[in-house]
Number of protein chains: 2
Amino acid sequence: MTAARLDEIDRKILAELQADGRMTNVELARRVGISAPPCLRRVRALEEMGYIRGYHADIDARELGFEVQVFAMVRLVSQSERDLSAFEALACEWPLVRECHMLNGEIDFILKCVSPDLTSFQRFLTEQLTAAPNVASVKTSLVIRCAKDEPGVPFSVVEERAAAALG
Amino acid sequence: MTAARLDEIDRKILAELQADGRMTNVELARRVGISAPPCLRRVRALEEMGYIRGYHADIDARELGFEVQVFAMVRLVSQSERDLSAFEALACEWPLVRECHMLNGEIDFILKCVSPDLTSFQRFLTEQLTAAPNVASVKTSLVIRCAKDEPGVPFSVVEERAAAALG
DNA sequence: GCTGAAATCGCCTAACG
DNA sequence: CGTTAGGCGATTTCAGC
């Protein structure tokens, strides 16, 4: 288990920073029960080791004018590594595509897209995505509403597993 | 357009904080070209108005022992508002479910799930998700690899639209 | 090794122009 | 929006466990 190097304080730090990434270090230290200097050292170490990849403001897309959110299920003609990588490279370049996951099963890729409106999404769909080389078919589903959108990891489960590992 | 109340400095602030949510206010002010106090006032206002919903550390799920990521496509028996809400409430309670979006088309919901391993995911799938009231069918797809996973909004598009609006 | 205490430096954040 | 200024947090240094 790769998280074995983390003790309970480290996990608490990750949980707190996931919940509020802009918390001051002294507040963080207070919450996890140590003083500020070692707390800051732990945060730096967690960043170094890759447990923390970065910090992001959570921006409301709708408020910024992105009224449309779409999941696009993409099937390719060829699934050779070369062609898979080529499609991924393309997806990375499209700003409207926020996530690109390669899947098992009949669908090759699922893309999460945002767009200001249906018209501009349709243009992206027909002129870029469907028109891209090696794309066999694209099925899209509009997001009607979003009941849950939590970034990251459920720390309740992390703690359960850590407790079980001590057994 | 709801983002009309934002000027270019506001949009720059949002873009910078989306890229690095832990940036100090003076650094942020320097980057957007104003002094620190008005910059902080703008940030507070953007939080108040709901453009910024929060700040989160971006935690590497795999490093923390969540080896498995799955998209689950769920179809319900009844799509009455009461039953839709009931399913959403359930999804919100399951820690392994990180996102729950209601879709148009044949699929009613798409869930993004994380899990430590296939065994525990299978247990969640059979004992909780498929067994939940009103669930007609669940199709799951494992994430083989992730080529792109960017939170939030493409600010290049925001700027294009703002420029066009001035046109 | 780790933590914690003290001191310095820099930032945050009011109040005012 | 900028400047000033006081208080607090961040970060290094050093001592102790």
Side-chain angles (χ1 to χ4, degrees), chain A residues 1-59 63-64 152 155 158-159 161-163 165-166, chain B residues 1-60 63-65 155 158-159 162-163 165-166:
Chain A
M1 177 179 172
T2 159
R5 297 180 154 194
L6 302 183
D7 62 11
E8 191 183 338
I9 293 179
D10 289 318
R11 293 193 298 270
K12 270 190 178 179
I13 288 175
L14 292 175
E16 293 289 346
L17 285 179
Q18 179 173 276
D20 178 7
R22 229 176 145 71
M23 187 182 304
T24 66
N25 182 57
V26 295
E27 171 67 10
L28 179 61
R30 196 189 62 74
R31 293 197 184 199
V32 304
I34 59 179
S35 68
C39 184
L40 184 62
R41 281 194 292 268
R42 280 169 182 262
V43 171
R44 294 279 179 265
L46 290 168
E47 292 167 356
E48 282 288 319
M49 291 187 292
Y51 290 97
I52 300 176
R53 282 190 294 229
Y55 305 88
H56 305 287
D58 176 14
I59 310 273
E63 288 279 334
L64 259 175
F155 276 94
V158 177
E159 289 307 326
R161 298 190 73 220
L166 294 178
Chain B
M1 178 177 175
T2 160
R5 295 181 156 196
L6 302 183
D7 62 11
E8 191 183 339
I9 294 179
D10 288 320
R11 294 192 299 270
K12 270 191 179 179
I13 288 174
L14 292 175
E16 293 289 346
L17 285 179
Q18 178 172 277
D20 178 7
R22 229 176 144 71
M23 188 182 302
T24 67
N25 182 58
V26 295
E27 171 66 10
L28 179 61
R30 194 189 60 75
R31 293 196 184 201
V32 304
I34 59 178
S35 66
C39 184
L40 185 63
R41 285 194 290 265
R42 280 167 181 263
V43 172
R44 296 278 178 265
L46 291 168
E47 291 168 356
E48 283 287 320
M49 292 187 292
Y51 289 97
I52 300 176
R53 282 189 294 228
Y55 305 87
H56 305 288
D58 176 14
I59 311 274
D60 189 319
E63 288 279 333
L64 259 175
F155 276 95
V158 177
E159 289 307 325
L166 294 178

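In the text below, chain A, chain B and the rest are named by the order of the sequence lines, each starting its count at 1.
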Item to check | Footprint string (nucleotides 12-17 of chain D, 5' to 3'): B base within contact, S backbone only, - free, heavy atoms under 4.0 Å | outcome: B-----
Over all heavy atoms of both residues, which pair between [X] and [Y] is shortest? Give the atoms and the distance, please.
X: B:V26; Y: B:A36; answer: CG1-CB, 4.0 Å
X: B:G21; Y: B:Y55; answer: O-CD2, 3.8 Å
X: B:C39; Y: B:V32; answer: SG-CG2, 4.4 Å
X: A:R11; Y: A:F155; answer: O-CE2, 3.7 Å

Item to check | Touch class at under 4.0 angstrom, heavy-atom based, for A:R42 against every strand present | outcome: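 The residue A:R42 makes sugar-phosphate contact but no base contact.
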Write down the distance between [atom1] ([X]) and [atom2] ([N]), rounded to a whole number of angstrom.
X: A:I9; N: C:dC2; atom1: CD1; atom2: P; result: 12 Å
X: A:E27; N: D:dA10; atom1: CD; atom2: P; result: 10 Å
X: B:M23; N: C:dC12; atom1: CE; atom2: P; result: 11 Å
X: B:K12; N: D:dC1; atom1: NZ; atom2: P; result: 13 Å
X: A:N25; N: C:dT3; atom1: CG; atom2: C1'; result: 14 Å
X: B:E8; N: D:dC1; atom1: CD; atom2: P; result: 13 Å

Checklist entry - In terms of side-chain heavy atoms of A:R44, which of C:dC12, D:dG2, D:dT11 is nearest? => result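 Nearest to the side-chain atoms of A:R44, counting from C-beta on, is D:dT11.
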Checklist entry - What nucleotide among D:dC1, D:dT11, C:dT13 has an atom nearest to a side-chain atom of B:I34? => result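 Shortest atom-to-atom distance from the side chain points to D:dC1.
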Checklist entry - For A:P38 and B:T24, take the nucleotide of DNA chain C holding the closest heavy atom to each; which residue's nucleotide lies nearer the 5' end? => result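 Nearest-nucleotide comparison on DNA chain C picks A:P38.
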Item to check | Salt-bridge criterion met for B:R31 and B:E27 (N-O under 4.0 Å) | outcome: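 Yes, B:R31 and B:E27 are salt-bridged.
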Item to check | Side-chain heavy atoms of A:L6 within contact of A:L46, under 4.5 Å | outcome: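 The answer is yes, as the side chains (C-beta and beyond) meet within the 4.5 Å cut-off.
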Next on the checklist: Using the salt bridge (Lys or Arg N to Asp or Glu O under 4.0 Å) definition, which of the options B:R41, B:R42, B:R44 pairs with B:D10?
Outcome noted: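 With B:D10 as partner, salt bridge (Lys or Arg N to Asp or Glu O under 4.0 Å) holds for just one option, B:R42.
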Next on the checklist: Taking the nucleotide of DNA chain D with the nearest heavy atom to each, does B:R22 or B:G33 sit closer to the 5' end?
Outcome noted: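 Of the two residues, B:G33 wins.
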